[in-house]
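Okay, structure first, notes after.
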There are 2 protein chains.
Amino acid sequence: MEHIQPKKDSVTVTDVAREAGVAKATAARVLGGYGIVSDRIRTKVLAAAEKLDYRPNELARSMTTGRSGTIGVIVGDIENPFFSSAVRGITDAARASGFTVILMNSSEDVEAEKSAIKTLMAKRVDGLIVTPAQASEYLHLEEVRRTGRPIVLLDRAVPELNVDSVTTDDRDAACAATRLLIDNGHRALAFVTACDTPDHRFQSLQDIHTSSVKERIQGFFDACRATDIQDPERLIQVGALGASRTRALARELLSTSAHPSAILASDSMIALEIFKVARELALRIPEDLSLITFHDADWTSVTAPPLTVIDQPVYKLGETVTKLLLERLGGLVSDPRRVILPTSIIERQSVYQREL
Amino acid sequence: MEHIQPKKDSVTVTDVAREAGVAKATAARVLGGYGIVSDRIRTKVLAAAEKLDYRPNELARSMTTGRSGTIGVIVGDIENPFFSSAVRGITDAARASGFTVILMNSSEDVEAEKSAIKTLMAKRVDGLIVTPAQASEYLHLEEVRRTGRPIVLLDRAVPELNVDSVTTDDRDAACAATRLLIDNGHRALAFVTACDTPDHRFQSLQDIHTSSVKERIQGFFDACRATDIQDPERLIQVGALGASRTRALARELLSTSAHPSAILASDSMIALEIFKVARELALRIPEDLSLITFHDADWTSVTAPPLTVIDQPVYKLGETVTKLLLERLGGLVSDPRRVILPTSIIERQSVYQREL
DNA sequence: GTTCTTATTGAGACCGGTCTCTTTTGCAAT
DNA sequence: ATTGCAAAAGAGACCGGTCTCAATAAGAAC
């Protein structure tokens, strides 16, 4: 059985100062690495610190300096490989500059996002990186901006909000992917997204409050409009949030004999479920169903057939957004920058060439 | 162009107190939600706080209370779906109890781990969750324990360390999986792990410093010993860390005509690379190569053929480890608890039945 | 009306650093 | 020796909360 620790209070600069026989301020100078100290005193203080096993209290430091050395990150769901990759990019870049990351999941819920922001602000993070759950609700983000704390948007822009953002060329990408489908003879298309509407069906772009998805749908429409596809609105499927709901949606979508011949999935988790459902329904990919998905998740190349994907530079997305934030933390003042990273289509074998 | 904010200092309890016409201590009581205050005063203070848009400074609060409401999490790599799932479990459980999570990646490097721990300690996290990169180097962990800060181990135990840990039944799982391979007629086996040794080859169990992997190898040996397989040590492949090194290793392993007929992969990222290489080498799975992997990553069911896997309760792993930590934070004193979560094998179609 | 409790409120120290300002020290120039 | 000055060390306030303890106010009991 372990002996209960006497909870010896951690040793402070004052203790070190006493041990070294110098003033608190002096000890603080060497321990904190600021101000001017003679070498003689420095070694003396360092020795005392060593002897006492001094550990700085970053909290106390933060309180006086006003900077916590921490950035808050809010993503939809860290289990989504898209986000885990981006977060890796963020943490790597942050650590390279001496910052640590507090991670929070919003589960794509605005209320959770607000709560997360409140917590993060209370913890006095130096800056925020957010993938806004709803572009239409941005007052809480606006408020952050007003406090003077830098906030940078990841993957989703909010036009009304004057802050930096890093996104990918969603509209072009979606358009190109859709065109690829069309060029291969597909007309019965579908675009499936996790984004939802109150009644779980899509009427117009107004219903969509996630900017990246909005862009993608526009790209989808662009491609549709360039050909003979009527009312592309009916081709949009919303509400594929979470595995089970996505399965249900996919099952409904694919169960009829008039199911789409080609689907564009808004993220790899959706594509995965569609893939599974197609298999359950004995639909062959690509012969019975073509599939393209956003995000070159690393497993997409090992399915049978391997998936044609829109390759988004996800890690770089995280890296870049952090770089922008760090620049702001460094004092940069400028108009908001909207960085758009290019994507490319990796053609594999999930698109079937139909004869017309 | 935006106008530069006058950087108005945040409003403090003192400001609110003044506005409400009460003492600082009184305002603090209602704002901090502690002590006894009359309703009359409470509403008055709340009104003042509202008017001034008061935001609590969690940093200051932490400094006096000594608790930061934060737990530090160090994993090998958040991009590994194993960890992202576990981290999701952790963050969910943490938030449910009002804690936030600071996330750090060790990249399986002990020095990075040490540095992360130092940072986390300085930030005065209330507790730590760590997947130790090396079970042999645990002095820095031991030191954390001595400071009285709870630390809990995730996925990997360190026998010498008297702290709670949550792992899976690695040895049994590996044994069962290996036996499955053997029972299907395989004798030319291989176990591939990310764990590495100085000379990149495996001599004995002493070389392995990751407890979970050690367990798995033992389980592998257990199964081998129960049959006629000699010198199972030669079947262990180490150093599959990162996609490129894993590819190289897999390529070398599978290029000879005497390649293993069955592989047990220590994590899904390894399995993925092996899968890719097998395809490049035109090896059919499972006819030419059987494959079982640890971790039922969600894509493993959509490959062709779908993979037989060891299903680890990863999310629950994260949830449980957090639960243990929170109990410690709540003051629980007891001998270290070593929770071992059961796994199960999901038989799909990547194991070929050989006739003997 | 007076006294005793008890429920509230007020005052001020404290947490562990940083930072400004003052005092002391060291050393070259006069 | 004196004086001058920059460098180094010391003193103490401060950051924004919490917390202890004393002071006051409000009821209850006599």
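The analysis underlying the following values was restricted to heavy atoms, covering all of them including side chains, and did not include hydrogens, waters or symmetry mates. The sequence lines fix the lettering, A, B, ..., with proteins before strands; numbering per chain opens at 1. All of these numbers come straight from a predicted model, not from anything done at the bench.
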For this session: Mind checking A/R42 for me? I need base, sugar-phosphate or nothing, with any heavy atom below 4.0 Å counting as a touch.
Result: nothing
Exercise. C/dT20 phosphate, OP1 or OP2: any side-chain N/O from A/Y34 under 4.0 angstrom?
Worked result: no
Exercise. Can you find a donor-acceptor pair, distance only, under 3.5 Å between A/K24 side chain and D/dG12 base?
Worked result: no
For this session: Taking atom CZ of B/R42 as the centre, report whether more than 12 heavy atoms of other residues, nucleotides or ligands fall under 6.0 Å from it.
Result: yes
Exercise. With no hydrogens and no angle check, do the side chains of B/R88 and A/S107 hold a donor and an acceptor under 3.5 Å apart?
Worked result: yes
For this session: Assign B/L59 to base, sugar-phosphate, or nothing according to its heavy-atom contacts below 4.0 angstrom with the strands shown.
Result: nothing
Exercise. Starting at the 5' end of DNA chain C and moving along, which residue's nearest nucleotide shows up first, B/R124 or B/R29?
Worked result: B/R29
Problem set entry | OP1 or OP2 of C/dT9 under 4.0 Å from side-chain N/O of B/S38 | yes
Exercise. Of the nucleotides D/dT18, D/dA9, C/dT9, which has the atom closest to the B/T26 side chain?
Worked result: C/dT9
Exercise. Closer than 4.0 Å, any side-chain N/O of B/T14 to the OP1 or OP2 of D/dG16?
Worked result: no
For this session: Would you indicate which nucleotide in D/dG10, D/dG17, C/dG10 comes nearest to any side-chain atom of B/R61?
Result: D/dG17
Exercise. Which value, rounded to the nearest 0.5 Å, describes the distance between A/R124 atom CZ and B/S10 atom OG?
Worked result: 4.5 Å
